[in-house]
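Since the structure comes first, as structure tokens, the remarks are kept for the end.
Note that the structure is a prediction, hence the values are computed from the model and not measured.
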Number of protein chains: 2
Amino acid sequence: MENGAKIKVLVVDDHPIVRVGIAAIINARPDMAAVAQCSTAEEAIELFEQHQPDITLMDLRLPKMSGVDAIRAIRLRHPKACFVVLTTYEGDEDIYQAIEAGARAYVIKGMPHEALIDALRRVHAGGRFLPPAVSRALAARTPDSDLSAREREVLSLLARGETNKEIAQHLGITEATVKCHVSVILMRLQVSDRTQAVVTALQRGLVHL
Amino acid sequence: MENGAKIKVLVVDDHPIVRVGIAAIINARPDMAAVAQCSTAEEAIELFEQHQPDITLMDLRLPKMSGVDAIRAIRLRHPKACFVVLTTYEGDEDIYQAIEAGARAYVIKGMPHEALIDALRRVHAGGRFLPPAVSRALAARTPDSDLSAREREVLSLLARGETNKEIAQHLGITEATVKCHVSVILMRLQVSDRTQAVVTALQRGLVHL
DNA sequence: TGAGGAATCCGACGGAAGTCGGATTCCCGC
DNA sequence: GCGGGAATCCGACTTCCGTCGGATTCCTCA
């Protein structure tokens with residue numbers, strides 16, 4: 001296959017060892033090439049402009065700006081840009097956000113490496129790639145599970161181990177109000193106390209450590 | 001360099017995409033070769049017997065049996081076996097356990113990939129490889145932070161979001177006793193409530209999701 | 001426009017969590 | 001042996017958490 005027909009891939013992952021390895025996998029294929037790579041969302045935006053890759057292979061958990069934010073930012077200027085998400089986690093929030101932002105494939109690092117190659121080829125051909133586990137997580141999302149902005153704010157403070165009183169001071173509201181928000185959060189996450197709320201929020205990717 | 005002098009490496013990581021990529025990095029070097037690879041601790045023990053690698057490159061978070069358990073099991077029969085730990089996390093418990101089990105190097109996936117190569121060569125030459133962050137985490141460990149077996153048991157139930165009453169039933173003891181254990185755990189982790197305890201336990205790798 | 005829903009806010013009540021003091025058992029070293 | 005330390009166990013008291021009922025504001029949509 002001649003050089004010009006190769007699929008140009010930009011690889012974004014905050015772990016250099018993992019990233020270089022993935023680039024090696026891609027470069028071992030005759031029909032694709034990792035033309036650039038980086039560790040942060042900010043660099044990704046810049047490198048996209050420079051290289052105009054056919055596909056951007058994006059990890060979601062990045063320092064500071066997230067991979068989803070990077071996808072949104074790039075698609076603002078390049079609506080036709082193609083993204084394949086490659087991540088470790090199966091938290092439904094990550095998946096939902098990524099698909100919402102316009103990702104065309106969602107590959108989990110626990111899958112065989114041929115799946116990654118397959119996803120890249122399918123997306124390049126205009127298709128999609130969503131493994132069953134991902135589709136199931138998407139389907140399991142009830143509109144009820146959405147949290148309001150304020151509730152997410154409270155949840156993130158919950159996940160830092162703050163007490164109701166601390167959260168109240170932090171937000172400039174009454175402790176009673178905080179309790180009310182917490183109650184709503186417990187209902188939405190379908191759990192019965194704050195500790196369970198933090199655990200399931202971490203599992204679902206609503207907040208991070 | 002002739003083939004016989006190559007460093008034989010066994011690669012163990014539960015994420016195939018990451019693992020194949022790392023093997024590719026190793027195989028790109030003239031003085032080393034990934035002679036085998038697998039996703040679980042059980043397979044690792046078997047493959048070690050088959051290939052007798054010079055170095056086993058081991059991830060710590062594996063399904064069922066952990067990487068640390070695999071290191072211990074292999075070293076029981078092969079005390080001279082060399083291990084390089086390659087993991088995502090910097091939780092001090094993981095680090096401590098791995099070094100205790102006999103790992104000669106601790107490489108974090110966030111480091112440049114030359115660091116991995118460097119670690120493999122140094123360990124093969126009889127040396128060690130412990131990055132500053134790892135040494136610091138080891139030094140920060142106070143004997144006070146050790147939990148008893150019972151306390152770890154309670155902590156793991158805490159991290160599943162169980163209430164004191166549920167934990168009591170689960171362990172066949174009184175709720176008052178559970179509260180006592182929880183109090184000790186809070187003191188050892190230097191936090192003030194169960195939610196903070198779960199968060200810091202997750203951060204430090206004392207328990208996993 | 002105005003009825004309804006959602007988000008935000010607050011106070012009072014019952015139950016759970018965490019602290020304190022105390023007791024028993026086991027193990028290690030002098 | 002036996003004193004001391006650590007782990008395990010328990011009950012009573014105080015504080016915090018979560019629920020309930022209720023109120024206000026804002027937005028939407030019929």
Requested in this report: Using only side-chain N and O atoms of B/Ser148, determine if any of them is under 4.0 Å from OP1 or OP2 of D/dT8.
Outcome: yes

Between CD of A/Glu151 and C1' of C/dA6 the distance, given in whole Å, is 10 Å

N/O (side chain, B/Thr163) to phosphate O (OP1/OP2, C/dA16) under 4.0 Å:
no

Which of D/dG11, D/dT8, C/dG18 is nearest the side chain of B/Thr174? It is D/dG11

*Do B/Asp59 and B/Arg19 meet the salt-bridge criterion of a basic N to acidic O distance under 4.0 Å?*
no

Separation of C/dA16 atom P from B/Glu166 atom CD, nearest Å, is 11 Å

query: Quick one: do A/Asp118 and A/Arg121 make a salt bridge, cutoff under 4.0 Å?
result: no

When rounded to whole Å, the NE2 to P distance for the pair A/His181 and D/dC17 reads 15 Å

Of the listed C/dG18, D/dT19, C/dG11, the closest approach to the A/Ala176 side chain comes from C/dG11

Sorted by chain and residue number, the ring-ring contact (aromatic ring centres under 6.0 Å, His included) partners of B/Phe48 (sequence neighbours excluded) come out as B/His78

B/Glu162 atom CD is separated from C/dA16 atom P, nearest whole Å, by 15 Å

From CG of A/Leu171 across to C1' of C/dC9 the rounded distance in Å is 13 Å

Per atom distances to the A/Lys179 side chain, the nearest of D/dT8, D/dG18, C/dA16 is D/dG18

The answer to which of B/Arg150 and B/Asp193 contacts DNA chain D further toward the 5' end, by nearest nucleotide, is B/Arg150

Short side-chain N/O contact to D/dC17 OP1/OP2 from A/Asn164, under 4.0 Å:
yes

C/dA7 phosphate, OP1 or OP2, under 4.0 Å from A/Arg188 side-chain N/O:
yes

Of the listed C/dG18, D/dG18, C/dT8, the closest approach to the A/Val182 side chain comes from D/dG18

From CD1 of B/Ile173 across to C1' of C/dT25 the rounded distance in Å is 15 Å

Does a side chain donor of either B/Ser192 or B/Gln196 reach within less than 3.5 Å of an acceptor in the other side chain?
yes

Out of C/dT8, D/dT8, C/dC9, minimum distance to the side chain of A/Cys180 belongs to C/dC9

| task | Would you mind classifying the nucleic acid contact of B/Val184 as base, sugar-phosphate or nothing, using non-hydrogen atoms under 4.0 angstrom? | result | nothing

Whether the side chain of B/Arg188 engages the backbone of B/Leu147 through a donor-acceptor N/O pair (distance < 3.5 Å, no angle test) should be reported. no

Exercise. Are any of B/Ser183's side-chain N or O atoms less than 4.0 Å away from OP1 or OP2 of C/dG18?
Worked result: no

Here the distance between atom C1' of C/dA16 and atom CD of A/Gln196, to the nearest Å, is 13 Å

Quiz item: Between A/Thr177 and C/dC10, is there a side-chain N or O to OP1/OP2 distance below 4.0 Å?
Solution: yes

Taken to the nearest whole Å, CD1/A/Ile167 to C1'/C/dT8 is 16 Å

Is A/Lys109 paired with A/Asp13 through a side-chain N to carboxylate O contact shorter than 4.0 Å?
yes

Considering only heavy side-chain atoms of B/Arg194, the closest of C/dA17, D/dG18, D/dC9 is C/dA17

